[in-house]
Amino acid sequence: MERLQSSSVQALQQQRLLLQLEYETEKEAFRQQTELAGIGRKVQRGDAWWPVRFSRSYYNSLNQLTVEVERTGDQDDDHSFEYGRPVQFFAAADGDAAGHGQGGGAPIRFFRYKGVVSYVDGNRMVVTVPDGTDVVALQGTEGLGVLLSFDETSYRVMMDALDRVIGAKGRLAYLRDLFYSRQKPATFTFAPMRFPYLNRSQEDAVNQVLRAKDVAIVHGPPGTGKTTTLVEAIRETLMRESQVLVCAQSNMAVDWISEKLVDRGITVLRIGHPTRVNDKMLSFTYERRFEAHPDYPQLWAIRKAIRDLRSHRKRGDAKYHQKVESLKSRATELEIRINNDLFGEARVIASTLVGSANRLLDGQKFGTLFIDEAAQALEAASWIPLRRVSRVILAGDHCQLPPTVKSIAALKAGLGKTLMERIVELHPEAVTLLRMQYRMNDAIMRFSSDYFYDGQVESAPDVKFRSILDLDIPMEWISPMEPVSTMEPIPSSPYHEEVIGESFGRINKAEAELTLDTLQRYFERIGKQRLLDERIDVGIISPYRAQVQLLRRLLMKREYFKPFRRLISVNTVDGFQGQERDVIVLSLVRSNDDGQIGFLRDLRRMNVAMTRARMKLIILGDKETMARHPFYRRLWHYICKLRA
């Protein structure tokens, strides 16, 4: 047992060193980007809004000073602002923002304090700022902007979690040592339960969750109903436990699972603000429930009285401190009562992994933790909520997108290996693979199933032959040299990749034009009226953000696509994670004499990109470059056979 403990502690100490390296790498990259690229570039990348207009300031329901701003001018909808991200306000005159950091323009003036994004909706952003912030100065600032700041908090919370696990005793220490050994996880024994609305593998997964004393994994390949299975497992667990904790890496994933639980009539308390801002999502947030509590008006009145006392304090008022302390004591008493009521009513507490460190959860313990999209979370992040629970259920797919790691050295040393991957490797008996997919035409699914899942995933009968056009080929690859397609390519300029900008983004102009030409010809075959009547939706995907931005600009310029713009989304592979479309058009970009394909060697990314398509997948890429890699060569030959 001591040897087991020693090896797990050493491995986690190594994780902490790698996390520190990642922290320093990202912080330095952020500093260089801000200093060298200039604010104008940050606006283009979606990391800054400039200019913005000050709308109003107020105290929110949690007694935080809040500033609301609205972006003006012609700015791209795509941005990186979301709940919980730290930001900094700045001021720049016209011309200064574009030139700053590139040898031109006057210095940009940054406000000293940092704020935190409360939520973003379209062109409106709400930011909580420290008490005492001079909001009048913000209100009167010309050329006001808001910039994403480096996120120290997430790293601090992850490092604290690793420190806690390294020094753990009791249940947390047991789970730590179990996850780093081949010792079998403990299970209950009972006859399998039947769930007629689930398929056999989904039913097996729910039973595995119910039997697990320590850990279980629901491995959900694309389209296999992972969320449906997870919701059912949570529902059944709540028949045995009064409350569970549900977490995920991203706010979007937390929103998605929370919404499905609410649809099943389960009371959810969402810690943190949802990314999809609508009444349904807001109704189960902590803030909205807090405001709706019958004691809230009284609490608000007391807080207002405290603020009034502070702002109108008279010199020599001997009873000032006594009055403030009395009011603060009453406010604290009401807050505790409201919190107890909110947590007492909820069956599910939902948050991001980092959000589970929120002070609202201090002292809270749960029987079971469910982590959705566990294969996208750094191991350190998964340990944050684990200190609050007795057992954990992980759901996700380690054959899809991995966690983002910026430091190549840390990645090579193993920082990218998730807790889910580690447990799958050491405890295959804890894993249930979902085997029936309900999304894709069988030909699209088959390649992914054979390559990534040992051919174990099958198609449900009602989607097996789904298609838009009769006798359509579900997968096509258009290359400038040898198209495997019914649509011949017409390159309008030399077909090669280019490196652009300070971030060294990659674009392929000829391929971008060809992508839209190809989609236009496919639309012409379907017919305008049918596209609009049946709302056939399309995703245009590229692994490279610079190519995505180029495609968006070209799409907006093309008159032909004007009636269909609401049906077409353009984004990176990461941006399409968890989504699906009738048609997917995939621009691979890479085209060079050396056969270099960069991070397209991470095949999990391609697995995500290809499996977003329900009925039609069109790949655009230079076969001469891509097929030097065995995966893409095999994909090319597979598509050739479909055409034969």
Side-chain angles (χ1 to χ4, degrees), residues 26 29-30 33-34 37-55 66-92 97-98 100-101 108 110-111 114-129 143-151 153-154 249-255 272-278 281 352 354 404 406 500-503 505 539-553 555-556 565-566 568-579:
E26 190 171 349
F30 188 90
Q33 274 184 13
T34 304
I39 298 297
R41 181 71 181 146
K42 286 279 190 182
V43 171
Q44 284 180 349
R45 288 175 56 85
D47 295 336
W49 281 9
W50 179 85
V52 298
R53 182 172 58 245
F54 181 97
S55 295
T66 302
V67 171
E68 189 176 308
V69 294
E70 191 174 342
R71 63 175 164 175
T72 57
D74 184 20
Q75 297 184 48
D76 195 337
D77 283 343
D78 189 30
H79 60 78
S80 304
F81 292 93
E82 63 172 18
Y83 171 83
R85 301 220 42 190
V87 294
Q88 197 165 7
F89 287 101
F90 65 90
H100 180 61
I108 289 173
F110 286 94
F111 289 81
K114 288 185 179 179
V116 176
V117 177
S118 180
Y119 70 85
V120 186
D121 182 16
N123 287 322
R124 190 169 60 102
M125 187 191 307
V126 176
V127 178
T128 58
V129 293
L144 184 65
V146 59
L147 169 74
L148 273 177
S149 186
F150 182 67
D151 188 1
T153 306
S154 297
Q249 170 66 14
S250 68
N251 276 296
M252 193 173 288
V254 179
D255 292 348
H273 209 285
T275 50
R276 292 200 294 275
V277 182
N278 58 47
M281 297 297 293
T352 60
V354 172
T404 302
K406 302 280 177 65
I500 62 160
E502 299 87 350
S503 60
I540 301 176
I541 302 179
S542 177
Y544 293 93
R545 189 166 181 173
Q547 184 80 346
V548 165
Q549 291 171 337
L550 174 60
L551 284 162
R552 282 178 179 157
R553 288 196 299 272
L555 185 70
M556 292 302 288
R565 279 185 192 147
R566 288 182 178 277
I568 303 171
S569 312
V570 188
N571 216 328
T572 58
V573 182
D574 300 56
F576 269 101
Q577 171 75 357
Q579 300 184 42

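- Under the 3.5 Å distance criterion, with hydrogens and angles disregarded, no donor-acceptor pair is assigned to the side chains of T352 and N251.
- Annotation: salt bridge (Lys or Arg N to Asp or Glu O under 4.0 Å) contacts of R53 (sequence neighbours excluded): E70.
- Taken to the nearest 0.5 Å, the CG atom of N123 stands 6.0 Å off from the CH2 atom of W49.
- Nearest approach of A91 to I108, heavy atoms of both residues: O-CG2, 3.5 Å.
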Applying side chain to side chain contact (heavy atoms under 4.5 Å, CB included), run through E82 and V117 and close with a yes or a no.
CA-CA 6 Å; E82 63 172 18; V117 177; 5.9 Å; no
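- In terms of heavy-atom proximity, V129 sits nearest to V67 at CG2-CG2, 4.0 Å.
- For the pair S542 (side chain) and V548 (backbone), a donor-acceptor distance under 3.5 Å is absent.
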Dump the intermediate steps for side chain to side chain contact (heavy atoms under 4.5 Å, CB included) on V69 and R71, then the final yes or no.
CA-CA 7 Å; V69 294; R71 63 175 164 175; over 6 Å; no
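- When all heavy atoms of F576 and V570 are compared, the closest pair comes out as CE1-C, 4.3 Å.
- Summarising the geometry of F111 relative to L144, their closest heavy-atom pair is CE1-CD1, 4.0 Å, with the distance given to 0.1 Å.
- Considering CZ of F150 and CD of Q88, their distance stands at 13.5 Å, rounded to 0.5 Å.
- When all heavy atoms of P543 and V573 are compared, the closest pair comes out as CA-CG2, 3.9 Å.
- Shortest non-hydrogen contact noted between V127 and G115 is CG1-CA, 3.8 Å.
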Pair R552, N571 - check side chain to side chain contact (heavy atoms under 4.5 Å, CB included), show working.
CA-CA 9 Å; R552 282 178 179 157; N571 216 328; 3.8 Å; yes
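- Put simply, OH on Y119 and OG1 on T128 are 12.5 Å apart, with the number rounded to the nearest 0.5 Å.
- Note that K42 lies outside the cation-pi zone of F81, set by a 6.0 Å cut-off to the ring centre and a 45° limit from the axis.
- Checking side-chain atoms of R85 against main-chain N and O of L148 turns up no donor-acceptor pair under 3.5 Å.
- A distance of 7.0 Å separates OG in S569 from CD in Q579, rounded to the nearest 0.5 Å.
- With rounding to the nearest 0.5 angstrom, the CD1 atom of I541 is 13.0 Å from the CD atom of Q547.
- Under the 3.5 Å distance criterion, the side-chain polar atoms of R565 are matched with a main-chain donor or acceptor of M556.
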Trace of the side chain to side chain contact (heavy atoms under 4.5 Å, CB included) decision for V120 with H79:
CA-CA 10 Å; V120 186; H79 60 78; 3.6 Å; yes
